[in-house]
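Sequential numbering from 1 along the given sequence is applied to the chain's residues. Side chains are part of it too, since the values below use all heavy atoms of this structure and drop only hydrogens, waters and symmetry mates.
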Amino acid sequence: MARASAARCSISCIAVLLLLALAGTSSAQLSTSFYSYSCPGVYDAVKSVMQSAIAREQRIGASILRLFFHDCFVQGCDASLLLDDTPSFQGEKMATPNNGSVRGFEVIDAIKSAVENVCPGVVSCADILGIAARDSVVIMGGPSWDVKVGRRDSTTASFNGANNNIPPPTSGLANLTSLFAAQGLSQKDMVALSGAHTIGLARCTNFRAHIYNDTNIDGAFAWTRQSGCPRTSGSGDNNLAPLDLQTPTIFENNYYKNLLCKKGLLHSDQELFNGGATDSQVKSYVSSQSAFFADFVTGMIKMGDITPLTGSNGQIRKNCRRIN
């Protein structure tokens, strides 16, 4: 009798431990309803600031979307990119892919301030960036999705990670595929997420080699871009050109149409349609904008899931630029 009672007790203890383990696991997952009770006003606050920011400067929508990419590819989506350098702390802003290139930090500051007014100390900078990226896409005509939230902010950054993990504009298809795979993203995700280049501008320094040295580029297009981007390095490096020739402020599928005409601005863009394994996917997005939108949403959700800090890890920064 005592033995049977002890056995029942053991089974009960194991069941309790399993339930506790499962509860711990579920609490570490992101959720679209994470702020339903603690800060339901976060979405209106983010959207309002983003609408005003894009009304002032349409390019900023693409810049915020790019911030999210560059953040998630280094240590996961943890707002490490938002941290400023200090005498004792090296952040990611001065790394090669980011230095003089990433922008929009003041918009994130404004959003953080607006969110803090609604519910202080509740919403992470990492989540703010994820929501703002979604809103940027929607405001500029793209698809919407429910953003998974519940991330916390990192207390560290990785200068080397920023230099090594973010795909450079000189990347070939194999390197692009490899760098995305390192983040758990498939080649299909990579092609869909590259469609973010349907909005925004690029600096001459990032497309100079493509328009002067590559052969897989339309001649007239190259000549047009050369007029605003001198061959000599150091001259006109920061001159800008639209990533999507026709509609750089509207989120649609013209980016892929340009690739079919060999009018991709970056070497890495044109690599997606250059006689390789991704040609058919590019063609499918030219034929169906809805297919592109669906795959882009899938890719954005997957990217937002890259190694988030949750539970008691990290912190909720009061100021997105510095650790509490």
Side-chain angles (χ1 to χ4, degrees), residues 30-86 89 91-94 98 101-140 145-158 162 300 303-304 306-324:
L30 302 180
S31 162
T32 57
S33 59
F34 188 84
Y35 296 118
S36 292
Y37 299 103
S38 60
C39 190
V42 60
Y43 300 101
D44 287 341
V46 175
K47 184 179 179 181
S48 177
V49 177
M50 278 311 311
Q51 284 176 326
S52 297
I54 291 173
R56 286 193 304 272
E57 184 206 11
Q58 288 187 303
R59 182 191 176 198
I60 203 67
S63 299
I64 296 299
L65 180 56
R66 187 161 177 258
L67 275 184
F68 187 58
F69 272 73
H70 282 219
D71 180 48
C72 290
F73 267 64
V74 184
Q75 298 187 166
C77 310
D78 62 356
S80 59
L81 175 56
L82 304 182
L83 291 168
D84 285 340
D85 286 1
T86 71
F89 179 88
E92 298 166 13
K93 292 180 179 178
M94 298 304 289
N98 297 329
S101 178
V102 290
R103 59 195 297 276
F105 298 107
E106 70 289 341
V107 175
I108 298 302
D109 293 339
I111 295 173
K112 178 64 173 174
S113 178
V115 172
E116 287 293 299
N117 285 336
V118 175
C119 35
V122 174
V123 182
S124 67
C125 298
D127 279 344
I128 282 172
L129 189 51
I131 298 166
R134 185 274 310 274
D135 287 351
S136 295
V137 171
V138 174
I139 292 165
M140 300 185 82
W145 62 95
D146 293 330
V147 179
K148 293 203 281 187
V149 287
R151 303 173 190 83
R152 288 168 66 85
D153 300 321
S154 69
T155 56
T156 63
S158 178
M300 286 296 289
M303 187 169 68
I306 299 173
T307 57
L309 296 172
T310 57
S312 59
N313 295 317
Q315 60 183 210
I316 306 297
R317 285 189 219 136
K318 296 181 179 71
N319 181 329
C320 292
R321 294 174 179 266
R322 59 175 178 264
I323 297 160
N324 293 344

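Leu83 is not listed as a side-chain neighbour of Glu92, based on a closest heavy-atom distance of 4.5 Å or more. For the pair Met300 and Leu65, the minimum side-chain heavy-atom distance is below 4.5 Å. Side-chain atoms of Thr310 and Leu30, non-hydrogen and from C-beta on, do get closer than 4.5 Å to each other.
The line from CG of Asp71 to CG of Asp78 is 5.5 Å long, rounded to the nearest 0.5 Å. Taking OG of Ser136 as the reference point, atom CD1 of Ile131 lies at 12.0 Å (rounded to 0.5 Å). Atom NE2 of His70 is separated from atom NZ of Lys93 by 14.0 Å, given to the nearest 0.5 angstrom. Distance check: Phe68 CZ to Leu81 CG gives 11.5 Å after rounding to the nearest 0.5 Å. A distance of 8.5 Å separates OG in Ser154 from CG in Leu82, rounded to the nearest 0.5 Å. With rounding to the nearest 0.5 angstrom, the SG atom of Cys320 is 9.0 Å from the CD1 atom of Ile111.
Of all heavy-atom pairs spanning Ala110 and Val49, the tightest one is CB-CG1, 3.9 Å. Shortest non-hydrogen contact noted between Ser38 and Val122 is OG-CG1, 3.7 Å. Here the closest heavy-atom approach between residue Asn98 and residue Ala162 is recorded as ND2-CB, 3.9 Å. Looking at every heavy atom in both residues, Ile316 comes nearest to Asn324 through O-ND2, 2.9 Å. When every heavy atom of Asp85 is checked against every heavy atom of Met94, the shortest pair comes out as OD2-CG, 3.5 Å. Residue Tyr43 comes nearest to Val147 through the heavy atom pair OH-O, 4.4 Å, listed as atom of the first residue, atom of the second, then distance.
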Val42/Val118 under side-chain contact (heavy atoms from CB on, under 4.5 Å): CA gap, chis, key distance, verdict: CA-CA 7 Å; Val42 60; Val118 175; over 6 Å; no
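Asp146 contributes no side-chain N or O that, together with a main-chain N or O of Thr32, makes up a donor-acceptor pair within less than 3.5 Å. Side-chain atoms of Asp84 never come within 3.5 Å of backbone atoms of Arg322 as a donor-acceptor pair (strictly under, hydrogens ignored). The closest donor-acceptor contact from the side chain of Arg152 to the backbone of Ser124 lies at 3.5 Å or more, if one exists at all.
Under the salt bridge (Lys or Arg N to Asp or Glu O under 4.0 Å) criterion, the residue pairs touching residues 110-139 are Lys112-Glu116, Asp127-Arg151, with sequence neighbours excluded.
Checked by atom type, the side-chain pair Thr155/Gln315 shows no donor-acceptor distance below 3.5 Å.
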